[in-house]
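Okay, so here's the structure we're looking at.
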Amino acid sequence: MAALKPSLPMLSFFLLLSLYSNTFIHTALADGVTPEEAKQLRNEVREMFYHAFNGYMEHAFPLDELRPQSCGGEDSLGGYALTLIDSLDTLALLGDRDRFAASVEWIGKNLQFDINKTVSVFETTIRVLGGLLSAHLIASDYATGMKIPTYNNELLNLAEDLARRLLPAFDTPSGIPFGSVNLMHGVDEHESKITSTAGGGTLTLEFGVLSRLTKDPIFEQVTKNAVHGLWARRSRLNLVGAHINVFTGEWTQKDAGIGTSIDSFYEYLLKAYLLFGDEEYLFIFQEAYAAAMHYLYNDPWYVEVNMDSAAVVWPLFNSLQAFWPGLQVLAGDIDPAIRTHTAFFSVWKRYGFTPEGFNLATLSVQHGQRSYPLRPELMESTYWLYKATRDPKYLDAGRDMVASLQYSARCPCGFCHISDVEFHKQEDHMESFFLAETVKYLWLLFDLAVGPDNLVENGPYKYIFSTEGHLLPATPEISLVQEHCSYFGAYCNTGNMGNESHASDVASNPQETNDGSLYGRVCTRFPSGSTFSDSTPVSGLIKGVCPGLTHGQKFGISYVASSHRAHEESRNQRKPTVAESHSLVVVPGQTSEYSPSENKNYHEKFSESSEGGSVSDTPQKR
C-alpha cells in the first residue's frame, strides 16, 4: 500500500494534542513514595518474583514456560528449561546463593542442545545464550560475591555449543542471518528468507561476549557482519525498514520505526559500543539515532514512516517503543526521554497496562493489539530515568505498575498475560522475560530508592543490560580491547582532552552507585564529527570516547542500492512535514472531555494504513 504523505489533517491533529495537553495531564501520580514505602515495595516485588519462580519450579519445570492459571507447563522455544535459564541472574541479583547455585548445577549436568528442534535465532540468543553467559560470569568470579566453588565453566561450554549450532543461520549472501535454525541439522532448505531488522541486528552483545571469553573471533565477526549487512542497506535518510530478504538484501517491509521488528537494533548499536569499546557501533548509532529523532519523533510520540520518503504510514504507539526513553538515558539525551516516558506512562494509567498498540489518530486501543503480555520495557525506562534524575515521580510510576500487576495479572501460580487491557481479561501464559526483566527492573528501581546494595549498583564492574535484561559486565577481559580510551568508564590520555572531569547525572552523590563515574579525568567526549557533540546533552553515562575520525573517514560503509533505487531515494529525500510541538502530550483519562471524534479528518486520512498494516496481538518480543 502506498505511503500516505503528511497533510493538513495530521498537522491539525498534533496541534490539537498540544492544545489539549493541559486537559490530558491528570493527577496520575499519587503522593510521593516514602523511603519506608520504597522498602516495602522492594520486598513486595521480591515476593512477586518468588511467587512466579516457585510456581514455575513446582508446576512447569523443566518445561520452558509456566501456565500460571492452570498451574501447568509448556515447551515454547526449545524444551530446555527456558524460564530457569532466563531467571538465573535475577536469582543472583537478589542474593539467593542457594537457589542460584542449585540451578547452575542442574543446568550444567542436564542441559544439552543436541536436539532436533528448530528455534528462533533471535529469541534463543537473547534468552538462552545471554542467560547462560550472564550466569557464567557471575558464578565464576569471586568479585561478584556469588562464585560457586564447584563450578567449572559448564555454562560457558553450553553457551559455546549452542552458539556453534546457531552459526549456520549466518551463511547468507548478505551476512544477515535466517530467522530460524535447527539445532541438530542447521537451516532447513524451506526456511523463510525474510527476517526482521531486530532479529538480524540484536545478536552482537551475546556473541561478542562469547568471543571474548572463548578467544574465538568467529561469533563476534558474524554478528558484526549482520549489522554491516543491515546498515549498508539503509535508505538515504539513514532509516532502516522492518523486514528484509537475507539473500537479495531487498526490504520486504519498508516501515521505519523504533518499535516492533526494529527496536533492539538501535539498542544494541549503543550497548555494543558501551560494552566492547568498538567505536564503529557508536558512529552507526549516532547516525541512526539522529535520523530517528529527525523523521520519527513527533514530540513526545514516535510514528512509523516509509524509510525512503519519510511519509507517515503508521500513527501508532506500540508497547515495544517503551524501551526508548531508557536508551536515551544511556545516550545522555534526557529531556526528550522524560517527555516521551510521560506520554507512554499516561497510556498505562488509562488502562492499567500498555496495550500492544495504541492508535494516535483515534486515541484508542488498536484493533487486534489489545493485549499486555507482561512486557518490561516501560519498567526498564522508569528505572533508568529514576537513576538519571532521582525524580520521585518515577517511584510513584513504579508503585502504580506493581499495583496493576498484583491486582489484575496475579494468578494462582504466577502472573498471567492480559489479553484485553480494557477488561483486564487474563490469559494462561507467562513469558520467561517476566522473571528476567519485568520484576528485575521494578526491584532495582525500589532498591535504588532505599539505598542500593546489589551487584549492579555496588558490584565490582559496570554492567550493561542485554535486551533480555541479562547482566553483562564490562570486565577488562570483555571491554579492554585497545590501550587507549575506548571502553566504558575509561581514563583518557591528557594530551588533547583537557583537564575537566564530568560528573555523572545518574546519582546525586557520585559515589552512591556503580554508575560508571571515575574520580579524576574521565573520558566523556564524543569523537570529532559526532552528531551528538553539537546538539545532544551528555549525561555522563557514556564514557570512554576519545576524539577520533568520523564514521565516513574511518569506516565508510557504503550503500547497497540499485541505480533506480538510488534515484528514487534521492528524489524522495525530504524531512516529513509534521508539527514539531514541544508541549507535553499525554493520553486523556477516561473522564476527559476530549473525544476522538474531534480528530475525524485525521483518522480518515490514516484509516486505510491503520487497517492495512501488518498487525498481530502478540508480535515478536523485540
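One is the number of the first residue; the rest follow in order along the sequence.
A heavy-atom distance below 4.5 Å is not found between the side chains of Thr124 and Leu129. A heavy-atom distance below 4.5 Å is not found between the side chains of Glu47 and Val439. Taking the side chain as every heavy atom from C-beta outward, Met146 and Leu455 never approach each other to under 4.5 Å. With a 4.5 Å cut-off on side-chain heavy atoms, Pro355 and Gln369 do not count as touching. With a 4.5 Å cut-off on side-chain heavy atoms, Leu444 and Val456 count as touching. You'll find the side chain of Tyr56 stays beyond 4.5 Å of the side chain of Leu82, heavy atoms only.
In this structure, the ring-ring contact (aromatic ring centres under 6.0 Å, His included) partners of Phe49, at least two apart in sequence or on a different chain, are Phe53. Scanning for ring-ring contact (aromatic ring centres under 6.0 Å, His included) contacts around Tyr266 gives Trp324, with sequence neighbours left out. Trp443 meets the ring-ring contact (aromatic ring centres under 6.0 Å, His included) test with no other residue; sequence neighbours excluded. Judged as a side-chain contact (heavy atoms from CB on, under 4.5 Å), and not counting sequence neighbours, the contacts of Ala52 are Phe415, Met430, Phe434, Leu435. With sequence neighbours left out, Asp428 forms a salt bridge (charged side-chain N to carboxylate O under 4.0 Å, His left out) with no residue at all. Thr204 is linked by a side-chain contact (heavy atoms from CB on, under 4.5 Å) to Thr223, Val227, Tyr268, Ala272, Tyr281, counting only residues two or more places apart in sequence or in another chain. For Phe265, the ring-ring contact (aromatic ring centres under 6.0 Å, His included) test picks out no residue, with sequence neighbours left out. Residues satisfying the side-chain contact (heavy atoms from CB on, under 4.5 Å) test with Ala101, not counting sequence neighbours, are Ile148. A search for side-chain hydrogen bond (donor to acceptor under 3.5 Å, both in side chains) contacts involving Ser408 returns His424, not counting sequence neighbours. Under the rule for a side-chain contact (heavy atoms from CB on, under 4.5 Å), the partners of Lys39 that lie at least two apart in sequence or sit in another chain are Arg42, Asn43, Val450.
Once rounded to the nearest 0.5 Å, the distance linking CG of Leu137 with OG1 of Thr475 reads 6.5 Å. How far OG1 of Thr342 is from CZ of Arg339: 9.5 Å, rounded to the nearest 0.5 Å. In this structure, OG on Ser466 lies 7.0 Å from CD1 on Ile126, to the nearest 0.5 angstrom. Atom CG of Leu156 and atom CG of Leu210 lie 6.5 Å apart (nearest 0.5 Å). The CZ atom of Arg212 lies 12.0 Å from the CG atom of Leu472; values are rounded to the nearest 0.5 Å.
Within 6.0 Å of NZ on Lys147 lie more than 12 heavy atoms contributed by other residues, nucleotides or ligands. In Asn110, the CG atom is crowded: over 12 heavy atoms of neighbouring residues, nucleotides or ligands sit closer than 6.0 Å.
Using a 4.0 Å cut-off between charged side-chain N and carboxylate O, Arg165 and Asp161 make a salt bridge. Salt-bridge check for Arg375 with Glu437: failed, with every basic side-chain N at 4.0 Å or more from each acidic carboxylate O. A salt bridge links Arg99 with Asp96; the closest basic N to acidic carboxylate O contact falls under 4.0 Å. A salt bridge does not link Lys271 with Glu206: every distance from a Lys NZ or Arg NE/NH1/NH2 to an Asp or Glu carboxylate oxygen is 4.0 Å or more.
Put simply, the side chain of Asp64 gets close to the backbone of Ser76: a donor and an acceptor are under 3.5 Å apart. No side-chain donor-acceptor contact under 3.5 Å links Asp400 to the backbone of Lys349. The closest donor-acceptor contact from the side chain of Ser87 to the backbone of Thr90 lies at 3.5 Å or more, if one exists at all. Between the side chain of Gln321 and the backbone N or O of Leu316 there is at least one donor-acceptor pair closer than 3.5 Å. Not one N or O on the side chain of Ser264 forms a donor-acceptor pair closer than 3.5 Å with the backbone of Glu267. Under a 3.5 Å cut-off, the side chain of Asp396 and the backbone N or O of Val33 do form a donor-acceptor pair. A donor-acceptor pair under 3.5 Å is absent between the side-chain atoms of Ser371 and the main chain of Pro373, judged by distance alone. Checking side-chain atoms of Thr197 against main-chain N and O of Ile262 turns up no donor-acceptor pair under 3.5 Å. With hydrogens and angles disregarded, a donor-acceptor distance shorter than 3.5 Å links the side chain of Ser134 to the backbone of Leu471. Side-chain atoms of Arg97 come within 3.5 Å of backbone atoms of Gly145 as a donor-acceptor pair (strictly under, hydrogens ignored).
Aromatic ring centroids of Tyr372 and Phe353 lie under 6.0 Å apart. Aromatic pair Tyr394/Trp384: centroids not less than 6.0 angstrom apart.
The aromatic rings of Phe345 and His341 lie parallel to each other, their planes meeting at an angle below 30°, with 60° marking the opposite boundary. Note: Phe344 and Trp301 have tilted aromatic rings, judged against thresholds of 30 and 60 degrees for the angle between ring planes.
Donor-acceptor pairing under 3.5 Å is recorded for the side chains of Ser432 and Arg127.
For the salt bridge (Lys or Arg N to Asp or Glu O under 4.0 Å) condition, the pairs that include at least one residue of residues 66-93, sequence neighbours left out, are Arg67-Glu74, Asp89-Lys440. Screening residues 151-160 for salt bridge (Lys or Arg N to Asp or Glu O under 4.0 Å), with sequence neighbours left out, gives Glu160-Arg164.
Among all heavy-atom pairs drawn from Cys411 and Pro68, the shortest one is CB-O, 3.5 Å.
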